[in-house]
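Naming: A, B, ... by sequence-line order, numbering from 1 per chain.
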Amino acid sequence: MTIAFSDMTASPTRTLGSSGRRVSRFFETGSRGVAVAAGGVVILALGGVTVFLTVQGWPAWTAASGLPQNASSLWALAGPLAFGSVWASAIALVLTAPISVGVALFLSEYAPRRVARVLGSVVDVLAAVPSVVFGLWGLMVLAPMLAGPYAWLSAKMGWFPLFSGQSSATGRTILTAAIVLSIMMTPIMASVCREAFTQTPQALREAAIALGSTPWEVIRLAVLPYGRSAMISGCMLALGRALGETMAVAMVLSATPGLVSLQVLTSSNPNTTAAFIAQNFPEAHGMQVSALIALGLVLFAITFVVNAVARRVARPRKEA
Amino acid sequence: MSHISARPASLPPISLPRRVTAHVAHLLILGLFLIALAPLASLVVTVVSRGWSRLDPTFFTSSMRGVVGAGGGALHAIVGTLLITLAAVVISAPIGIAAAVYLVEYGRGALARALTFLVDVMTGIPSIVAGLFAYAVLSALLGPGARSGLAGALALSVLMVPVVVRSSEEMLRLVPSDLREAALALGSPVYRTILRVVLPTAAPGLVSGVMLGMCRIVGETAPLLLVAGFTDSMNYDLADGRMATLPVFIYSQWQNAGRDHVAYENRAWTAALVLIAMVFAMNLAARLWSSRKVR
C-alpha cells in the first residue's frame with residue numbers, strides 16, 4: 001500500500017516564500033481538482049449507463065405488442081435469452097478453467113524463462129484477436145470440423161441428457177459457441193493466473209523444496225494455494241467476458257427463437273441476450289429498439305450480479 | 001526464479017508414486033498448453049491463407065461504393081477504424097489517467113470507494129451494453145435513429161476508460177513511496193511531485209496501459225454495429241453520418257453476402273488479416289516502447 005499525500009500534512013512546502021506558496025497552492029488545488037473531476041466524470045458516465053438504459057428502455061417493460069418476435073411481453077423475450085447467455089457461458093467456463101490454469105502453470109513453472117516469455121506473448125496474441133474474427137473462424141472452420149464428432153457423440157453418448165437429440169449437421173450448436181467463447185476467455189484467465197503464480201514468494205517455494213517436494217508438489221503446496229484468489233478473479237473476469245460476448249456467438253450460433261433447452265448438440269439452440277441484440281438492432285425501430293435496450297439492461301444486470309458475487313467470493317481470500 | 005530443481009542431498013529418494021504423479025502432472029499441463037494453442041494456429045493459418053487472395057492494392061485504395069460481387073476494398077473501413085479509435089483514445093486516456101492519479105494520490109472516502117467499485121464493475125461491462133448506452137445518449141440528444149462515428153468513439157471510451165484506470169492505478173502504485181517522500185522532503189509541492197516524479201516514473205506503464213485499452217477496443221464490433229452503423233462509402237466526418245469500421249466490415253461482408261458469396265468471404269478474411277495485423281503491430285509497439293523506457 002502506498003502512502004497517499006493526504007496523509008502527509010507536514011509538507012516542507014511551508015518554508016516557501018509567500019508568493020511561491022500562493023502559486024503552489026493554486027496549482028495544488030488545480031491539480032487536485034482535475035483529478036477529482038476525472039473521477040467524477042468516470043462515476044457519472046458509468047452510473048449514466050444504468051440511467052439511460054432504464055429511461056430509453058422503459059416503454060418496453062409494459063408493452064404487450066410491437067416487441068421483437070411478436071413476444072407477448074418483455075419477460076417472455078428476456079427469460080429464454082438470459083438462460084442462453086448463462087448456459088453458454090457456464091459451459092465455456094467449465095472448458096476454459098482447467099486449460100487456463102494449465103497454461104499459466106506451464107508458463108510459470110515448467111517452461112524455461114526465455115521460452116516462457118515468448119510463449120506468453122503468443123498466448124497474449126490470442127487475447128488480441130478481435131471477437132468478430134473468432135466468429136468468422138468458428139463459423140467457417142470450427143463448426144464444420146465439429147459436425148462429425150458431434151454426430152459420433154450423440155450416437156454413442158446419447159443417453160447422457162446434454163448430448164441427447166439429433167445432432168446438428170452444420171455444427172453450429174451452443175457447444176461450438178461455448179468452445180469459441182472458451183478460446184477467447186483462456187488468455188484472459190491464464191494471464192491473471194500466471195501473474196499470480198510467478199509472484200509466489202520465493203520463500204514458499206523454497207520451503208516446499210526443502211521438504212523434498214517434486215515440481216508438482218511445489219505447485220500443489222505453494223503455487224496453487226497462493227494463487228487461489230487470482231484463479232477466482234480470473235474465472236470472474238472470463239465469465240464476465242463470456243456473458244457479454246456478442247459477435248462470436250451471433251455468428252457461430254444457429255438459434256431458435258424463444259427456446260430453453262439443455263441439449264448442446266442439436267440444431268435448435270437457445271440464443272444469448274447479447275447476440276440477439278446485435279442481430280436485431282440494425283433493423284429495429286420504435287418499440288423494438290426500446291425492447292432491445294431493455295434487454296441490454298437485463299444483460300447488464302446479470303453481469304453486474306456475477307461480478308458482485310465474484311468480488312465477494314474473492315475478497316476474503318485476498319486478505320489471507 | 002521458479003527453476004530451483006536442486007534437491008537437498010540429505011533427503012531420501014522420491015518414491016515411485018510421487019515421481020509418477022510429477023511426470024503425469026507435467027505432461028498434463030503441457031497438454032493443456034498445447035490444446036490452448038491449437039485454435040490459435042488454426043486461426044492464423046486460415047486468416048493468412050484465405051485473406052491472402054484479396055491482399056491487393058485495390059483493397060487499400062477503394063471503398064465498397066457501388067461494388068456488387070468481386071472487387072472493391074476496405075479503405076472506408078480502415079479510415080473509420082483509425083478515426084474512431086483515435087477519438088476514443090483522445091477521450092479515454094486523459095480521463096482514465098487522471099482518475100487513476102486521483103485514486104492513488106488523493107483518493108480517500110466515499111468518492112474513491114465509489115470510483116473503485118464502478119471501475120471494477122465496468123471492467124466487465126458487455127461491449128454491446130456500452131453500444132446501447134451510446135445509442136441511448138445519442139437518441140436522447142439528437143432524436144432516435146442517429147448514427148455517427150463519434151457515438152462509436154463514445155461507446156468505445158466506456159469500454160476503454162476502466163482498462164486505463166485499472167492499469168494506470170496499478171502502475172502508479174508501483175512507484176515507490178520513497179520517491180514521493182524524497183521529493184516532498186526536498187520541498188516540492190504535491191502537484192509537482194506528481195507531475196515531475198510520479199508520472200514520469202510510471203510513464204512506460206501508463207503508455208502501455210493506454211495501448212492495452214486501445215488493443216481492447218480496436219477489434220470491438222458490437223457497439224460500432226449499433227451506433228456507427230455501416231456504409232459502403234468513405235466518411236471522414238466523425239460527427240456526421242454512418243461510418244464503416246473494419247470489424248463491422250467483416251461482419252457485414254459475411255452477413256450480407258451476395259450471390260457470389262466467395263468474393264464476400266474473401267473480403268471478410270482479408271479484412272480480418274488487416275485487422276489482426278493492426279492489433280498485432282499496436283501490441284508490438286507498446287511492448288517495444290515500454291521495454292525501451294524501462295531500461
Side-chain angles (χ1 to χ4, degrees), chain A residues 2-6 8 11-13 15 24 27-28 31-32 34-36 38-39 41-43 46 49 52-53 56 99 102-103 105-106 108-110 126 128-133 136-137 141 183 186 202 209-210 212 214-216 240 244 246-247 274 277-278 281 293 296 299-300 303-304 307, chain B residues 1-2 4 8 11 14 18 21-22 25-26 29-30 32-33 35-36 39-40 42-43 46 95 98-99 101-102 105-106 108 111 114-115 118 121-122 124 126-129 132-133 136-137 161 173 177 184-185 187 189-191 215 219 221-222 225-226 247 250-251 254 268 272 275-276 279 283:
Chain A
T2 51
I3 301 166
F5 287 125
S6 48
M8 303 175 187
S11 163
T13 312
T15 56
S24 129
F27 280 112
E28 206 74 275
S31 66
R32 193 193 169 91
V34 168
V36 172
V41 165
V42 173
I43 290 178
L46 301 185
V49 172
F52 272 99
L53 293 185
Q56 297 276 323
I99 293 180
V103 167
L105 284 177
F106 177 77
S108 72
E109 306 301 314
Y110 287 105
L126 206 55
V129 173
S131 65
V132 67
V133 179
L136 204 61
W137 175 80
V141 179
I183 295 169
T186 297
Q202 200 57 23
I209 290 165
T214 61
W216 165 245
T246 312
M247 299 319 292
I277 297 171
F281 201 90
I293 290 177
L299 179 62
F300 185 43
T303 52
F304 186 92
N307 284 351
Chain B
M1 64 174 84
S2 57
I4 301 171
L11 290 168
I14 304 170
R18 287 176 60 209
T21 315
H26 189 168
I29 287 168
L30 181 65
L32 288 173
F33 181 74
I35 289 176
L40 181 64
S42 162
L43 187 114
T46 317
I95 293 181
V101 166
Y102 169 74
E105 309 296 349
Y106 298 103
R108 283 289 183 276
L111 182 66
L115 186 57
L118 276 174
V121 170
M122 286 299 156
S127 62
I128 192 148
V129 172
L132 288 171
F133 165 64
V137 171
V161 163
R173 287 200 197 284
S177 289
L184 292 176
V190 171
Y191 77 93
C215 295
T221 318
L225 184 68
L226 302 195
I250 297 171
Y251 177 70
W254 166 72
L275 185 59
I276 289 181
V279 176
N283 256 323

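- A 4.5 Å side-chain heavy-atom check between A/V42 and B/L118 finds every atom pair outside the cut-off.
- Within the 4.5 Å cutoff, the side chain of A/V132 has no heavy atoms near those of the B/W254 side chain.
- Ranked by heavy-atom pairs under 4.5 Å with chain A, the first of B/L43, B/V137, B/L111 is B/L43.
- The contact between A/V36 and chain B is made by backbone and side chain atoms together, counting heavy-atom distances below 4.5 Å.
- Using a 4.5 Å cut-off between heavy atoms, A/I183 touches chain B through its side chain atoms alone.
- For the atom pair CZ (A/F281) and CD1 (B/I128), the distance works out to 8.5 Å, reported to the nearest 0.5 Å.
- Taking chain B as the reference chain and counting heavy-atom pairs below 4.5 Å, the highest number among A/F52, A/F300, A/W216 is found for A/F52.
- Your options are B/V279, B/L226, B/I250, and the one with the most heavy-atom pairs under 4.5 Å with chain A is B/L226.
- The residue among B/A222, B/A114, B/S127 with the most heavy atom pairs within less than 4.5 Å of chain A is B/A222.
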Between A/T214 and B/T21, does the side chain to side chain contact (heavy atoms under 4.5 Å, CB included) criterion hold? Intermediate values first, please. CA-CA 9 Å; A/T214 61; B/T21 315; over 6 Å; no

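- Residues A/G212 and B/R18 share a closest heavy-atom pair of O-NH2, 2.9 Å.
- In plain terms, the two heavy atoms of A/I293 and B/L132 that are nearest each other are CG1-CD2, 4.0 Å.
- Two residues are said to be in side-chain contact when any heavy atoms from C-beta on lie closer than 4.5 Å; A/S131 and B/T221 meet this criterion.
- Between the OH atom in A/Y110 and the CZ atom in B/F33 there is a gap of 14.0 Å [rounded to 0.5 Å].
- Residues A/T246 and B/P126 form no side-chain contact, since every pair of their non-hydrogen atoms from C-beta on lies 4.5 Å or further apart.
- Options B/G219, B/P39, B/A36, B/C215 differ in how many heavy-atom pairs under 4.5 Å they form with chain A, and the most are formed by B/P39.
- A pairwise comparison of heavy atoms in B/V129 and A/G296 identifies CG2-O, 3.6 Å as the closest pair.
- Taking chain A as the reference chain and counting heavy-atom pairs below 4.5 Å, the highest number among B/A136, B/A99, B/A25, B/A22 is found for B/A136.
- In terms of heavy-atom pairs under 4.5 Å with chain A, the best-connected choice from B/I35, B/V161, B/L30, B/L275 is B/L30.
- Ranked by heavy-atom pairs shorter than 4.5 Å toward chain B, the options A/V34, A/L53, A/T186 are led by A/L53.
- Between the CG atom of B/L225 and the CE atom of A/M247 there is a distance of 5.5 Å, given to the nearest 0.5 Å.
- Using a 4.5 Å cut-off between heavy atoms, A/V41 touches chain B through its side chain atoms alone.
- Atoms CG and CG, on B/L40 and A/L126 in that order, are 5.0 Å from each other to the nearest 0.5 Å.
- Within the model, atoms CD1 of A/I43 and CG of B/L115 stand 5.0 Å from one another, a figure rounded to the nearest 0.5 Å.
- A/W137 approaches B/S42 most closely through the heavy-atom pair NE1-OG, 2.9 Å.
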